A.B. asks: 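Structure incoming, see below.
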Amino acid sequence: MQQSLPRGEEPNVFRSVQARWRPTSYVRALAVGIALIGGLTAYVIHRDYRTTLTLWNSRLSGAVIGRTWLLRNSLQESQDDTRVLADFAPARELLILGREGSGASVPRAALLKQVVGLFDEYRRVYEYVAVCLLDPNGQVVVEATDSSAWAGLIQSAQFKDFTRSGASIRGYSVGTLPTSS
């Protein structure tokens with residue numbers, strides 16, 4: 001048999017549940033859950049950020065080290081090529097002949113042919129844009145190139161400044177010259 005309750009009253013079962021779970025309990029549980037999820041999310045994002053940053057730093061460092069080695073190796077190879085070309089006897093005789101005017105054992109035309117032949121071979125094999133022999137004043141004595149743009153570059157003030165600075169230190173120097181091609 002069911003007992004009827006007066007209007008506005010609820011059964012005791014519901015009152016006991018209401019007494020234990022108040023609306024503030026739900027809010028607190030929700031707040032704790034949100035805080036836990038937010039903290040976990042922040043931790044995961046921070047961890048992934050640090051991992052990604054470390055990965056990219058490693059990749060960048062590897063790329064820089066690789067490029068540095070490649071550039072250093074390339075410069076060393078071109079310096080070695082420069083030494084070989086500078087030690088070429090006809091090139092030395094050509095410079096001496098230009099300084100002293102005459103007295104060389106081999107005619108100037110034959111020396112030029114030998115030097116240009118070797119310079120052209122080096123330019124072709126090692127893929128240089130041009131190979132030049134400069135006198136002590138930085139003036140071009142012999143050039144080997146297949147580019148008409150190079151001839152214009154040789155006449156530029158930037159090239160003359162570069163060769164003068166190289167001649168003044170009397171050593172191997174590296175520089176860049178901007179060109180349109």
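For the numbers below, each heavy atom of this structure counts, side chains included, while hydrogens, waters and symmetry mates do not. Nothing here was measured: the structure is a model prediction, and the numbers come from that model. Along the sequence shown, the residues carry numbers beginning at 1.
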A.B. asks: What are the two closest non-hydrogen atoms of Leu133 and Ala91, and how far apart are they?
C.D. replies: CD2-O, 4.0 Å
A.B. asks: Go through Ser78 and Tyr126 one step at a time and tell me if the side-chain contact (heavy atoms from CB on, under 4.5 Å) criterion holds.
C.D. replies: CA-CA 9 Å; Ser78 65; Tyr126 296 110; over 6 Å; no
A.B. asks: Begin from the C-alpha positions of Trp56 and Thr52 and carry the test side-chain contact (heavy atoms from CB on, under 4.5 Å) through to its verdict.
C.D. replies: CA-CA 6 Å; Trp56 280 105; Thr52 304; 3.5 Å; yes
A.B. asks: Look up atom OG1 in Thr68 and atom CG in Asn73, then write down how far apart they are to the nearest 0.5 Å.
C.D. replies: 12.0 Å
A.B. asks: Quick check against the 3.5 Å criterion: does Ser61 have a side-chain atom that pairs as donor or acceptor with the backbone of Ser58?
C.D. replies: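 Absent.
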A.B. asks: Atom OG1 of Thr51 and atom CG of Leu55: how far apart are they, to the nearest 0.5 Å?
C.D. replies: 9.0 Å
A.B. asks: Other residues, nucleotides and ligands only: do more than 12 of their heavy atoms fall within 6.0 Å of CZ on Arg50?
C.D. replies: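 Open.
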A.B. asks: Roughly how far, to the nearest 0.5 Å, is the CG atom of Leu118 from the NZ atom of Lys113?
C.D. replies: 14.0 Å
A.B. asks: Once you round to the nearest 0.5 Å, how far does CG of Leu75 lie from CG of Asp80?
C.D. replies: 11.0 Å
A.B. asks: Can you check whether Leu70's main-chain N or O pairs, donor with acceptor, with Ser74's side chain at less than 3.5 Å?
C.D. replies: no
A.B. asks: When rounded to the nearest 0.5 angstrom, what distance separates CG in Asp87 from OG1 in Thr82?
C.D. replies: 10.5 Å
A.B. asks: Nearest 0.5 Å, please: how far is CZ in Phe119 from OH in Tyr128?
C.D. replies: 11.5 Å
A.B. asks: State yes or no: do Val116 and Val125 share one hydrophobic cluster built from I, L, V, M, F, W and Y residues joined by side-chain heavy-atom distances below 4.5 Å, directly or via other members?
C.D. replies: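 Hydrophobic grouping puts Val116 with Val125.
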A.B. asks: Could you walk me through whether Arg92 and Leu95 pass side-chain contact (heavy atoms from CB on, under 4.5 Å), step by step?
C.D. replies: CA-CA 5 Å; Arg92 287 178 173 228; Leu95 288 175; 5.8 Å; no
A.B. asks: Please say whether the positively charged group of Arg72, taken as NZ for Lys or CZ for Arg, lies over the ring of Trp69, i.e. under 6.0 angstrom from the six-membered ring centre and within 45 degrees of the axis.
C.D. replies: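 Geometry flag: not set, cation outside 6.0 Å or 45°.
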A.B. asks: State, to 0.1 Å, how close Arg123 and Thr145 come at their nearest heavy-atom pair, and which atoms those are.
C.D. replies: CD-CA, 3.6 Å
